Amino acid sequence: MGDKIIYLDGAMGTMLQRNGLAAGHSPEVLCLTEPEKIKAIHKAYIDAGSDIIYANTFGANSYKLQKSGESVEKVVKAAVKCAKDAANGTKCKVALDIGPIGQLLEPYGTLSFENAYEIFKEMLVAGESAGADLVIFETMTDLYEVKAGVLAAKENTKLPIYVTMTFEQNGRTFTGCSVESMAMTLEGLGVDAMGVNCSLGPKELMPIVERLCNATVLPIIVKANAGLPDPSTSEYDIDAVEFAELMEEYLSMGVSILGGCCGTTPEYISEIVKRTQGETPAKREIIRHSEVCSPTNVVRIDGVRVIGERINPTGKKRFQQALGEGDMDYILHQAVEQADAGAHILDVNVGLPGIDEAQMMVKVVKAIQGVTDLPLQIDSTKPEVLEAGLRVVNGKAIVNSVNGEEEVLEKILPIAKKYGAAVVGLTMDSNGLPPTAEERFVIAERIMKRAMEYGIPKEDVFIDCLTLTVSAEQDKAVETLKAMQMVRDNLGLHCVLGVSNISFGLPCRELVTTGFLTLAMSYGLDMPIINPNSLPVMNAIRVFNVIYNRDKNSQEYIEACMKMPQQTVAANVQAVQKTNESTEEQPPLIRAVEKGLKEDCKAITQSLLENSMTELDIVNTLLIPALDLVGDRFEKGEIFLPQLINSAGAAQEAFEIIKKSIAAKGAKSVSKGKIIVATVKGDIHDIGKNIVKTILENYGYQVLDLGRDVPIETVVNTAIEQNVKLIGLSALMTTTLGSMEETIKALRNAGHDCKVWVGGAVLTPEYAKKIGADFYARDAKESVDIARDILG
Amino acid sequence: MEIELSEFSKAEVLQYLGWRGSEIPQNIQNQLEECIKITLDTVKPRWTYKVFDIDWQHETPVLKEPGVHLIGNDIAVMLKDCKKCVLMAATLGADIERVIRMAEIRNMSNAIILDCCGSSAIEAVCDKVEKEIKEKLNIKWFTDRFSPGYGDMPISFQSEMVGLLDTQRQIGLTLTDSCILTPRKSVTAIIGIAETKQTKRFRGCAYCSMFENCRFRKAGKTCGR
């Protein structure tokens, strides 16, 4: 790094305009129609001194080329040929240029990660076989899209990979990706160089590039615009000489790959070359940190970082039930709740006998990424599950876990390396967990060395010294503490530990867990895997941070104290008391639902159960009448939507307690029957569907929510596999009614005996009939009426 | 380009929520205020525009430079006094989307209110943008804002709008196969530059002929126009 400057080219679009080539929808097609003119542009850049030129393939992907009627292979090959012909006889290299696909990826768009991969793969394979020397992904704003592209390049070609992303002045891309997240994720994925292009001029990009210089050891690329554009004339405000002056400053920051983006021409490149030729970019000193990230959130391990343990079915009947039923909402609720409680990282474990764990991991990881920005820890013993999860993680994750067994290390370390993940090493091997601290330390050291041999940097190795239940092996708890101290002091590694195991089998577990946690932190534990929803646990960490002078001026501690819910206990007691003294005409639970009081609903339901009212009686004599009452008032316009939904939410809390109670008894659920709801393929407006789901669940139906943009075959297959007799479809756009019709048709063709009801703003009862639906529902209330008709 | 948004219409939010004049209890008022605040704190409005000459071919307005036909009778009627028009696009960005999704998990009624706040906020952004363009280009009379999907202009015209304005590069705005703009809380629109004062025809629920019976509004949503 840093020896020699590499010069890239300048803008293609600007040159096309100057040469009077109408841009139209796909300027890439010009390589077929006007190859000589394209070649001339490349030639001009080569003459100006470019070491690498970008083939005119920016938008030559199958999505953007659709309208042109040309194939990706044909356009990419023609474009690479133009560039190669121009470079013929020179040392100039030709890059396959890949821009954004043009559609937003999941979770906020409809393009799946896997489809993005395929789209890039097609371009990459064509580009390599046409003779491109490297690939450059540029003008990227979505880290997830870049990851799909980099994996496609790594897995299907041997091309070196450069990536430049486009940042706004605030140091983030349009999708919120930060400079540091880009650096960490792409370095982990093993690209060859990275940097920034477009959006801003060399002056404005400087603070962004400065941050990048501190975040990666890789060569850095700067391809700036010719200043800022005048929106009315589209002219840029910096000339070639000034541009070169500013670009020269980047050398002292340690940037080694220079070029121009919008508004730059061969003149700009030739000025840079003239000005900087023979200079040496400064050497950069990088301090490496232990860090993980999502695109928008970097978590550095420079203090106690809480890993939330709740997304894990082990020993949790309710969670197992949710996994078995594919109840994503329950799982997401666990994610959001932990995030709100102060977790920094979320552990994700979906191991349950009888489910396809890899497939479930993908589904859960993608869903969690849609609702929180916390980095993830992928937790499984199976390499294929770890790989499936790491593949779809957006950002840098942690692998949980490897241990000292050579066979495990050989299988899992290469996977962690491939996806740039950090890794947790358990200090045990085929002989089990050694009793003494010294033996555990030996395994820790072995894991660290093996990881480093696989190219995983030391700071990405975390050690879990493991703890047994203190009630079973009382003399071993101290060994765990000692082992952590040794790992911290002698290896300089961070320690992970599943803390709550310690208290198993003892009364008042929280006391033991919290006490052990406090001790463990002083012995080197800085990544406890715990339940962040436990206030005593989180408080122990806050106090630790005060005592160890990490929480300056006790600020976080004081803030947390202010927020502590001192009132809740009293309020709940009051609510419980109310259950027995129904002074008003309505029973308290009905009143609580009507007013949308969640905490009251919980407490009252709990108390009713304790007073031996059956789950079914609570549902039938209190909850459903309450909902009917609220539904009635809604229809009459006495209350409006937010109130209706607040009531539904309150009833939901009561249901959750009832479900837990039933799951604990191992009894059959109170379900009145299964219903599928889905927002049809192509449509992403799902709030209406979610309202219907909430209300249906309130009435005791088991709702299989297939989500939004649901493929036709998913609806059909789920209906058949789960034998569902009632299916609700929603669509909100005229453009997606077609796919609603096709879904209904497919259900009929499959011969599955079921009724279909439809809803959504653009539908009418007549149209519903026309496309073959059995019923039309105007709103959630009517959907309930239909369900009652069909399922009772 | 970026633009600051400091307020949007609460009345519009209530309209989208299907409010029919019932008494709003204090806790719901608080909830509304909180959601409005969250929305204002979360959105990152960005916008872009271009001015095009209109080439009238018989009764059809055609954007001169790229040679793109503006489809439908309604747009022709709206632009009848115009020789130029503005194409604009604006988005609240993807952050509000994540906030709405998180709210769906935490508290569904907040999610619904936030969704309606988003719809109202993007309208407010468009109003601001329109005003800014008007001042910048020293324009006296604008027509209404007309978006693909209005009247008889097909929603598929979104793909021309997105292409002509290069919205992905400019403001991070893309289109799905079903012609849904993503991020979802986004608008593209055509505004005519006229020589004379224009009558109001379109724009927002209040001007929509469906206002009385609209199922979007009843369900607390908008059709996005």
Side-chain angles (χ1 to χ4, degrees), chain A residues 22 24-25 100 102-104 107-111 139 141 166 168 173-176 198 231-232 329 332-333 335-337 339-340 370-373 596 637-646 648-649 682-685 687-688 690-691 694 709 732-736 739 760-763 778-779, chain B residues 1-2 14 17-22 24-25 27-28 31-32 46 48-51 66 93-95 97-98 100-102 104-113 115 136-137 149 155-156 159 163 168-169 171-172 174-180 182-184 214-216 218-221 223-224:
Chain A
H25 280 292
Q103 281 194 305
L104 197 61
Y108 305 120
T110 53
L111 181 63
T139 327
T141 59
T166 297
E168 295 187 278
T173 68
F174 285 146
T175 62
C198 207
S232 42
D329 269 4
L332 291 182
H333 190 84
V336 171
E337 193 177 36
D340 289 347
V371 297
T372 87
D373 63 354
E638 290 170 14
I639 57 170
F640 74 129
L641 199 59
Q643 290 162 291
L644 175 74
I645 301 303
N646 277 339
D683 211 323
I684 54 171
H685 302 86
I687 270 210
N690 292 344
I691 295 173
T694 308
D709 188 24
L732 233 86
M733 304 280 291
T734 46
T735 44
T736 52
S739 94
V762 287
L763 275 162
R778 189 167 53 101
D779 54 23
Chain B
M1 284 167 281
E2 292 180 28
L14 283 172
L17 284 168
W19 181 61
R20 286 186 273 164
S22 61
I24 303 176
N27 64 327
I28 302 289
Q31 209 183 340
L32 285 166
R46 297 190 202 92
T48 186
Y49 76 100
K50 271 183 191 164
V51 179
D95 286 2
E97 192 92 346
R98 181 157 54 87
I100 294 172
R101 300 218 150 255
M102 271 184 111
E104 281 180 21
I105 304 296
R106 282 198 195 109
N107 181 339
M108 192 51 146
S109 71
N110 268 2
I112 292 160
I113 298 171
D115 196 70
K136 208 175 215 165
L137 304 183
I155 189 94
S156 57
S159 93
Q168 177 166 31
R169 195 185 274 244
I171 59 173
T174 61
L175 201 60
T176 72
D177 287 336
S178 317
C179 295
I180 298 169
T182 48
R184 232 162 26 100
C214 178
R215 298 188 190 287
F216 284 97
K218 282 186 190 162
K221 291 170 299 228
C223 63

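Within every chain, numbering begins at 1; the chains are lettered A, B, ... in the order of the sequence lines, protein sequences first and strands thereafter. Note that this is a predicted model, so its numbers are computed, not measured.
- Rounding to the nearest 0.5 Å gives a distance of 12.5 Å between CD1 of I639(A) and CD1 of I24(B).
- Across R169(B), Q31(B), R20(B), the residue that shares the most heavy-atom pairs under 4.5 angstrom with chain A is R169(B).
- Heavy atoms closer than 4.5 Å to chain A are found in the side chain of E104(B), but not in its backbone.
- The choice from E2(B), R106(B), R46(B) that makes the most heavy-atom pairs within less than 4.5 Å of chain A is R46(B).
- Y108(A) contributes atom OH, which lies 8.0 Å from atom CZ of R101(B) (distance to the nearest 0.5 angstrom).
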*List the steps, then state whether side-chain contact (heavy atoms from CB on, under 4.5 Å) holds for I645(A) with I691(A).*
CA-CA 8 Å; I645(A) 301 303; I691(A) 295 173; 3.6 Å; yes
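- For the set P183(B), A94(B), S109(B), S156(B), the count of heavy-atom pairs under 4.5 angstrom toward chain A peaks at S109(B).
- For chain A, no part of P66(B) is nearby; none of its heavy atoms comes within less than 4.5 Å.
- Heavy-atom pairs under 4.5 Å with chain B were tallied for T110(A), N690(A), T372(A); the largest tally goes to N690(A).
- Counting all heavy atoms, side chain and backbone alike, T166(A) lies closest to T173(A) at O-CG2, 3.3 Å.
- If you measure heavy-atom distances from D709(A) to chain B, you find no contacts under 4.5 Å at all.
- A 4.5 Å side-chain heavy-atom check between M1(B) and Y49(B) finds at least one atom pair inside the cut-off.
- Within the 4.5 Å cutoff, no side-chain heavy atoms of L104(A) are placed close to those of L111(A).
- Interface remark: T736(A) contributes side-chain atoms only to the contact with chain B (heavy atom separation under 4.5 Å).
- Rounded to the nearest 0.5 Å, atoms OG1 (T174(B)) and CD1 (I180(B)) are 11.0 Å apart.
- For L644(A), no part lies near chain B; criterion is any non-hydrogen pair under 4.5 Å.
- Proximity to chain B is limited to the side chain of E168(A), based on heavy atoms less than 4.5 angstrom apart.
- Contact count against chain B (heavy-atom pairs under 4.5 Å) is highest for N646(A) among N646(A), T139(A), T694(A).
- With a 4.5 Å cut-off on non-hydrogen atoms, Q103(A) touches chain B through its backbone and its side chain both.
- P100(A) places none of its side-chain heavy atoms less than 4.5 Å from the side chain of T141(A).
- Minimum interatomic distance between V371(A) and M102(B) (heavy atoms only, all atoms of both residues): O-CG, 2.5 Å.
- Heavy atoms of D779(A) lying under 4.5 Å from chain B are absent altogether.
- With a threshold of 4.5 angstrom between heavy atoms, N107(B) approaches chain A through its backbone and through its side chain.
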